[in-house]
Each structure stands twice: as C-alpha cells, then as structure tokens.
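Working notes for the structure below.
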Amino acid sequence: MTTAVSDMLDTYPADLGGVDREKLARCIEECIACAQACTACADACMSEEMVAELTKCMRTNADCADICTATAAVLSRHTGYDANITRAILTACATACKACGDECGRHADMHEHCRVCAEACRRCEQACNDLIASLG
C-alpha cells in the first residue's frame, strides 16, 4: 500500500544515499501517528474526573507530540542532509516515546486512551530505533 509519505519520498529528485526508504517512510508515518495519539490522549486526560492525577501523563503526551512532529519534519527534508542531526533527533524521539509509553502504560488499565497512546508510542520508538540502526 502506498502512502503520501512513500509517494513523496519517491518523488525526491536526488539520491537519498544509503537511507532505507521503507524504514524512513515507516518512521515518518509512526511519528505522525504518535503525535496525533499523544495530542488526543492529553485532551482525553483533561476530560477525566481524576484530571489532577494525570498531570504528568498530559505533560509527557505534549512533549512527545511536539518531538514526534519535529522528527517527522526533519526526516521529511533531505536536501543538505546531516546524519548527526538525524541521529540526534531520532534518539530524542525514541526517548520521548519510551517515557510517554511508560507513563501512559501506568494508566492503561483505567483509561483506554492511555492504552492506545502507549501502543502508538511503542511503535514509534521501535521505528526510530530501527531507522537509527539502519543508518550505520
């Protein structure tokens, strides 16, 4: 199945070098999906009766969403590619996703939105780590 992400990668006129296009596309897609899940989870947390107990979860959601959005943007730009910047942001994204996945996981038994978000975070963390490993 083609996606807008893979379609755009296919239209890039220059060589992407040794970057694995499938892992790159998957990582961008997972970052976008995770940012959406984290944003929606933070919003859902705000509507819970026990909102005060979810403060850390909401903060972690917001941080993760911002980092995932930035990562997707950096990974979508290829002209003047800097491997050091790419590795740094992928590492930061994997770290944020781990923290958010762990925090949401603590609430997953009581809040379905936290369970869904934790899963999205874990998929994104894995996609970031897979892309880092493929960069060599």
Side-chain angles (χ1 to χ4, degrees):
M1 180 172 108
T2 64
T3 64
V5 172
S6 59
D7 287 348
M8 287 305 297
L9 288 173
D10 289 343
T11 68
Y12 188 67
D15 182 16
L16 290 178
V19 177
D20 182 318
R21 283 179 185 256
E22 287 181 27
K23 288 183 180 176
L24 177 60
R26 178 174 168 255
C27 192
I28 294 169
E29 290 165 356
E30 293 295 352
C31 284
I32 293 166
C34 189
Q36 188 280 328
C38 288
T39 299
C41 188
D43 183 67
C45 286
M46 285 190 281
S47 69
E48 292 289 351
E49 289 182 23
M50 56 186 288
V51 68
E53 295 173 30
L54 295 169
T55 303
K56 183 175 180 185
C57 190
M58 290 182 286
R59 168 58 193 261
T60 307
N61 283 154
D63 289 347
C64 190
D66 288 346
I67 293 167
C68 286
T69 299
T71 302
V74 168
L75 294 178
S76 295
R77 296 188 287 262
H78 309 289
T79 305
Y81 169 78
D82 185 324
N84 292 323
I85 292 172
T86 300
R87 277 189 195 87
I89 200 158
L90 284 167
T91 300
C93 192
T95 300
C97 288
K98 170 127 179 55
C100 193
D102 289 349
E103 181 61 29
C104 280
R106 284 190 261 286
H107 309 285
D109 288 343
M110 291 190 312
H111 305 293
E112 184 69 7
H113 54 85
C114 286
R115 184 194 62 75
V116 171
C117 187
E119 289 175 5
C121 289
R122 290 184 182 106
R123 284 190 306 272
C124 190
E125 177 188 9
Q126 186 62 54
C128 288
N129 287 329
D130 289 348
L131 185 55
I132 291 167
S134 77
L135 295 176

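Index from 1, following the sequence. Treat the numbers as computed from the prediction; the structure is a model and nothing was measured.
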So [Y] and [X], do their side chains get closer than 4.5 Å, heavy atoms only?
X	Y	value
Cys100	Cys38	yes
His113	Glu48	yes
Cys31	Cys93	yes

Report the residues that fulfil salt bridge (charged side-chain N to carboxylate O under 4.0 Å, His left out) with Glu22, sequence neighbours left out, ordered by chain and then residue number.
->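 Glu22: no salt bridge (charged side-chain N to carboxylate O under 4.0 Å, His left out) contacts found.
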Please determine if Arg106 and Asp102 form a salt bridge, counting it only when a charged side-chain N lies under 4.0 Å from a carboxylate O.
->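 Not counted as a salt bridge, because no side-chain N and carboxylate O are separated by less than 4.0 Å.
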Charged N-O contact under 4.0 Å between Lys98 and Glu125 =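 Between Glu125 and Lys98 there is no salt bridge, as every charged N stays at least 4.0 Å from the carboxylate O atoms.
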Which atoms form the tightest heavy-atom contact between [X] and [Y], and what is the distance?
X	Y	answer
Asn61	Ala42	OD1-N, 3.2 Å
Arg122	Gly101	NH2-O, 3.3 Å
Ser76	Ile28	OG-CD1, 3.9 Å
Ala120	Ala37	CB-CB, 3.8 Å
His107	Glu53	CE1-O, 4.1 Å
Ser6	Glu29	N-OE2, 4.4 Å

Without swapping roles, check the side chain of Arg123 against the backbone of Glu30 for a donor-acceptor pair under 3.5 Å.
->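 No; zero donor-acceptor contacts below 3.5 Å.
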ring-ring contact (aromatic ring centres under 6.0 Å, His included) contacts in which one or both residues fall within residues 64-98, not counting sequence neighbours |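 Every pair satisfying ring-ring contact (aromatic ring centres under 6.0 Å, His included) with a residue in residues 64-98: Tyr12-His78.
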Contact list for residues 23-77, test ring-ring contact (aromatic ring centres under 6.0 Å, His included), sequence neighbours left out =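 For residues 23-77, and leaving out neighbouring residues, there are no ring-ring contact (aromatic ring centres under 6.0 Å, His included) pairs at all.
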